Structure formats: structure tokens, C-alpha cells
Amino acid sequence: MEELETQAVSRLEDDFVGHLWPPFTQMQGLKPVIMDHAEGAVVYDTEGNAYIDAFASLWTVNVGHGREEIYDAIKAQMDKLAIYHIFGIANEPTIKLAAKVASLMPGDLNHVFFTLGGGESVETAVKMARQYHRNRGNGTKYMVLFRDRSYHGTTMTSTSAQGLPVNRNKFEPLLPGFIKLGAPYCYRCAWNKTYGDDCRMECAKVVEQEIAFYGPENVGTMLGETMIGTGGVIPPPPEYWPMVCETCKAHDVLVINDEVITGFGRSGTWFGFQQFGSDPDLITLAKGLSSGYLPLGAVGAKDAVYEAFLGGPGEAFMSGATYNGHPLCSAAGLANLEIVEREHLVERCAEVGPYMQEGLKTLLEHPIVGDVRGVGLVAGIEYVQDKETREWFPPAVGAAAKVRDEAFRRGVFVRLLGGGNCHAVAPPFIITKEQIDTVVNVLDESISTVEKALGF
């Protein structure tokens, strides 16, 4: 029996390398790792190795792996109505999920347009913003402001708003009308200022400057992750979003907060923009909406945006896809949010998050750890070869990648990001303090191993 299982795993590995083409993966020389099952905050591969999922399967599995309630909800809906489109009609779980999400969003963010993921949500929100201006007679307001180090997905629209060259350059020429701004990245300020010293919030004031340069009659949208995620986990200064929103409101520029990572609790509030003082017109959602049990995303819209699409057939929002509002996905989303509420997991992020942040900050004792930053249950660790100059390692050295690989061998999965110079730690909300201690200790050991190999 064991021999047959070994043969089956071997065939899977051969088919993985021979046929499967995964995203963001160099297949040349890849050693196959195949995940087999999971429970809580731990995943297991086909060789029986256990890993603490310290990245929640790409910032996604907020409620943890193996939640029977979500399986049961999907099965119950499948027995009733497995699939039907929502073009002008709807189904029960999708209506209920829209109402639930609207009840969680503050203020007059009362309207929910469903998608199948974060990139599609960003694509939809930008299209929504453009048609909003056109419906109101301002069709020239097509330009979109975005930031350096931003990541919004891989559709052509979200790639055009991509602030990481490694994810952008291979697809040029991209869409016109996208304007890049400096990021609110205090550790590497684009204006060479120090927050709390000579900083004058130039990162926020540049929004006003660029609107003036391109003309408020042409700039229609400000797109930004509430907290930059894939670019390196970069929380903005507290003044940033209030200043940006005030500027945008004065010039009739819609603010889109990308909440794909921070939405549904990770930062310690239901939505990150509540914590960082933003007042968005549209928000993009995914990941934590269903904890990834089925593909699901959404765009939340204020009343004023939604009302611009009311009227005749010409005013209707002319975008959508076959699987938007899929009943099974919506059933998964409802069950997931019920768990988050019942188990007070947003409050848990606020309570356990500081414990994780404090533990990870001990890694600053290492000579190659330049910065540790984050909020709630999301943190970024940035690696440098010189703490004084904050100079990154050359790409050929790959220090951060080496630490990631050492941690993986020791049973902890963290994600390489920030252009290859950072790790993110973003575990399921149900992770225990003991598991957080293990993550910190494993990273400590892994960094020490890499430092020794590099001669530090």
C-alpha cells in the first residue's frame, strides 16, 4: 500500500513539472512540493511534512483551514441551486451576502458588486469610476493616479496601475492614463524626509500637485491599497489618507481603496480604511470575503456613485461576467463571515496582532534586518546589506529568498515580496500565540543561518 502511495505521489510530481504552469513560478529546476491537507494554521504536504501557514495561503485563509461550516454551506447550496447567473435576476445567498457586506461597511457604502477575485475587483472599480464620470457628463476624467510599490492584481488595468517594475515591465505598452505617484513609504521616503522631523507629508501633497499638472478635468480616480501589501507591507502615516481624500473630494476625484488584503479584519478593524482614516468612494474586496474557500471578490460603492448609474439603459454599468454572484461562492462567503463574527476574529486580530508585531521586532537585532513594520496580523520584514545606508542586497545574492527557503525547511511558510527584499507574515486569524512564537523562532534561526553563510 505504501509503495502504491509513493508511486502516486511520484506521478503527481511528474505531472506537476510536465503539465501544470503555475503563476509567478520559474519551472526550470523546480522541486515539486504538493500540499495534501490542512487544519487550522497548519498545512501538510504529500511527504507528510507540516508547515505553519504564516501567510494564510496568500493573505487569504483568515478563518483557518478545514472549517466544516463552510463545506456544509456550499453543499447545502449545491443541493438547492448550484449555478445561475445574476444578469438582471439573483439568488438567495448572493442577495444575503450583499446585505451582510453592506451592513459591515461604514457610512453610505451600501452597494455591492460581486466578482471572482481581487484583480477583477480592481478592474471593475476602475471601470466603474470611469463610467461614473461619463454618466455625469465628465467623460474626460479618465486618468487614474496610483502609487509606487503598488500591487493591484494581474489584469491589464491592474497591471497598468502596477508600481513594482518586476510585475509590470514585461507587459508594456500598458493602458494610457495611469499616473504614478511616490509612495507613503517612510523607511525609504521618495522625498528623503524623516517622518516626525522634516516631513511635510509630501507623499500626500503630491496628489494635489499631479491633479493640477494633468488638470482636474482629466484626473478622475485615485487608486491605492489602504496599506501597501505586496510592495512590502507599508502602513501609511496617519495623516496620509485624510489629506488625500480631502484633496480628491475638492477636485471630484473618486478614491478607490484596495482592501483585498486588509478587508474583513486583518488590520484589527473590519476594513483597513477605518483604521487609517480614509473615506473611499469605492473599495475593492476579495480574499477574506470567503477566506479563499471558493473564489470571491466584490466592489463596495457609496450611494452617490451607485446613483450615477440609475436612469435608462445607457446609464447601467456595462460590465460583468458569467460567474459574478455565483451562488456557491456566495454561500461560502456567508458562512465565512458568520465564523468571523461568531468567533470575534476581527477583535482577535486587534488583540493578538501586537503580540506578533512585538515578537517579529526582536528580529531587528540581526544585522541584515533593516525594518519590521505592520499592523494587526500582517507584518513585513525588510532585508538590507547595510543598516546605515539601507542598501538592499544585490538580486544575485537573494538574501530574503534564502531566509524564506531556510524557514520553509524548518516548517514555516512566509512569502517573498517587495521586489525580492521583504517577507510578509500574515497568518490565519486563529493562529495561536505558541504558533506565533514558533514562527518568530524559526525566522530567527533562518536569518542567523543566512547571515553566517553571507559572512555577517
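Just so it is clear, the model here is predicted, and its values are computed rather than measured.
Within a 6.0 Å radius of CD in Glu388, no more than 12 heavy atoms belonging to other residues, nucleotides or ligands are found. Other residues, nucleotides and ligands contribute only 12 or fewer heavy atoms inside 6.0 Å of the CZ atom of Phe213. Annotation for Tyr306: atom OH does not count as buried by contact number, only 12 or fewer foreign heavy atoms lying within 6.0 Å. Heavy-atom contacts from other residues, nucleotides or ligands closer than 6.0 Å to CZ of Arg188 number more than 12. Residue-environment remark: OH (Tyr195) exceeds the threshold of 12 foreign heavy atoms within 6.0 Å.
Between the side chains of Thr115 and Glu120, no donor-acceptor pair of N or O atoms lies under 3.5 Å. For the residue pair Ser330 / Thr94, a side-chain donor-acceptor distance below 3.5 Å is found, with atom types taken as modelled. Residues Thr60 and Ser57 have side chains that never bring a donor and an acceptor to within less than 3.5 angstrom of each other. Checked by atom type, the side-chain pair Gln435/Thr438 shows no donor-acceptor distance below 3.5 Å.
We find that Lys100 and Glu338 are not joined by a salt bridge, their nearest charged nitrogen and carboxylate oxygen being 4.0 Å or further apart. Under a 4.0 Å N-O distance rule, the pair Asp197/Lys193 does not qualify as a salt bridge.
Distance alone, capped at 3.5 Å, is enough to place a donor-acceptor pair between the Asn91 side chain and the Gly325 backbone. Side-chain atoms of Glu39 never come within 3.5 Å of backbone atoms of Val43 as a donor-acceptor pair (strictly under, hydrogens ignored). Side-chain atoms of Tyr132 never come within 3.5 Å of backbone atoms of Lys127 as a donor-acceptor pair (strictly under, hydrogens ignored). Looking only at distances, no side-chain donor or acceptor of Glu315 sits under 3.5 Å from a matching main-chain atom of Asn135. At least one donor-acceptor pair under 3.5 Å links the side chain of Asp258 to the backbone N or O of Val260. Side chain of Asp386 to backbone of Thr389: a donor-acceptor contact under 3.5 angstrom is found. Remark: the backbone N or O of Gly418 is paired with a side-chain donor or acceptor of Arg149 at under 3.5 angstrom. Of the possible polar contacts, one joining the Arg147 side chain to the Glu225 backbone as a donor-acceptor pair under 3.5 Å is found. Under a 3.5 Å cut-off, the side chain of Arg390 and the backbone N or O of Val384 do not form any donor-acceptor pair. Not a single donor-acceptor pair under 3.5 Å links the side chain of Thr155 to the backbone N or O of Glu123.
Under the 4.5 Å side-chain criterion, counting only non-hydrogen atoms from C-beta, Lys302 is in contact with Asp279. Counting only heavy atoms from C-beta outward, the side chains of Asn167 and Phe24 approach each other to under 4.5 Å. Looking at heavy atoms from C-beta onward, Met201 lies in side-chain contact with Pro237 at the 4.5 angstrom threshold. For the pair Val233 and Glu382, the minimum side-chain heavy-atom distance is 4.5 Å or more. Under the 4.5 Å side-chain criterion, counting only non-hydrogen atoms from C-beta, Val63 is not in contact with Ile430. Side-chain contact between Val207 and Cys248 is present, with heavy atoms from C-beta onward closer than 4.5 Å. Side-chain contact check for Glu259 versus Met105: every heavy-atom pair is 4.5 Å or farther apart. Contact of the Ile234 side chain with the Pro184 side chain is not registered, since no non-hydrogen atoms from C-beta on lie closer than 4.5 Å.
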*For Leu360 and Leu443, run side chain to side chain contact (heavy atoms under 4.5 Å, CB included): C-alpha distance rounded to whole Å, both residues' side-chain angles, the deciding distance at 0.1 Å, then the answer.*
CA-CA 9 Å; Leu360 292 173; Leu443 286 171; 3.9 Å; yes

*Show your working on side chain to side chain contact (heavy atoms under 4.5 Å, CB included) between Arg266 and Phe429 and close with a plain yes or no.*
CA-CA 8 Å; Arg266 184 163 291 282; Phe429 297 175; 3.7 Å; yes

*For His423 and Tyr383, run ring pair (Phe, Tyr, Trp, His ring centres under 6.0 Å): C-alpha distance rounded to whole Å, both residues' side-chain angles, the deciding distance at 0.1 Å, then the answer.*
CA-CA 9 Å; His423 290 149; Tyr383 296 87; 4.9 Å; yes

*Could you check Asn336 against Leu296 for side chain to side chain contact (heavy atoms under 4.5 Å, CB included), going step by step and ending with a plain yes or no?*
CA-CA 11 Å; Asn336 170 69; Leu296 185 61; over 6 Å; no

*Go through the steps to decide whether Lys433 and Asp437 satisfy the test salt bridge (charged side-chain N to carboxylate O under 4.0 Å, His left out), and finish with yes or no.*
CA-CA 6 Å; Lys433 287 186 175 180; Asp437 291 341; over 6 Å; no

*Could you please spell out the steps behind the ring pair (Phe, Tyr, Trp, His ring centres under 6.0 Å) verdict for Phe317 and Phe309?*
CA-CA 6 Å; Phe317 182 45; Phe309 293 85; 5.6 Å; yes

*Start with the C-alpha gap between Leu97 and Leu337, add the side-chain angles, then the distance that decides, and say whether side chain to side chain contact (heavy atoms under 4.5 Å, CB included) holds.*
CA-CA 9 Å; Leu97 183 59; Leu337 294 181; 3.9 Å; yes

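Annotation: the span from Arg404 atom CZ to Ile381 atom CD1 amounts to 13.5 Å, rounded to 0.5 Å. Rounded to the nearest 0.5 angstrom, Lys96 NZ and Leu334 CG are separated by 7.5 Å. In this structure, the separation between CG on Leu58 and CG on Leu417 is 10.0 Å, given to the nearest 0.5 Å. Distance check, rounded to the nearest 0.5 Å: CD1 of Ile211 to CE of Met143 gives 12.0 Å. In this structure, CE on Met356 lies 8.0 Å from CD1 on Ile431, to the nearest 0.5 angstrom. To the nearest 0.5 Å, the span separating NE2 on His85 from CG on Asn324 amounts to 12.0 Å.
For Pro236 against Met227, the heavy-atom pair with the smallest separation is CD-CA, 4.2 Å. The two residues Gly277 and Pro242 come nearest to each other via the heavy atoms O-CG, 3.4 Å. When all heavy atoms are compared, the tightest approach of Leu109 to Asp281 is CD2-O, 3.8 Å. Pairing each heavy atom of Trp59 with each of Ala426, the nearest pair is CE3-CB, 3.8 Å. Taking both residues in full, the closest heavy atoms of Phe113 and Ser319 are given as CZ-O, 3.5 Å, listed atom of the first, atom of the second, then distance. The minimum heavy-atom distance between Ile261 and Gly229, with the atom names listed, is CD1-CA, 3.8 Å.
Legend: side-chain hydrogen bond (donor to acceptor under 3.5 Å, both in side chains) pairs involving residues 245-256, not counting sequence neighbours, sorted by first then second residue: Arg136-Asp252, Glu208-His251.
In this pair, Phe408 and Tyr51 present their aromatic rings parallel. The plane angle is below 30°, not in the 30 to 60° band.
Taking Lys361 as the reference, nothing meets the side chain to side chain donor-acceptor pair (under 3.5 Å) condition, with sequence neighbours excluded.
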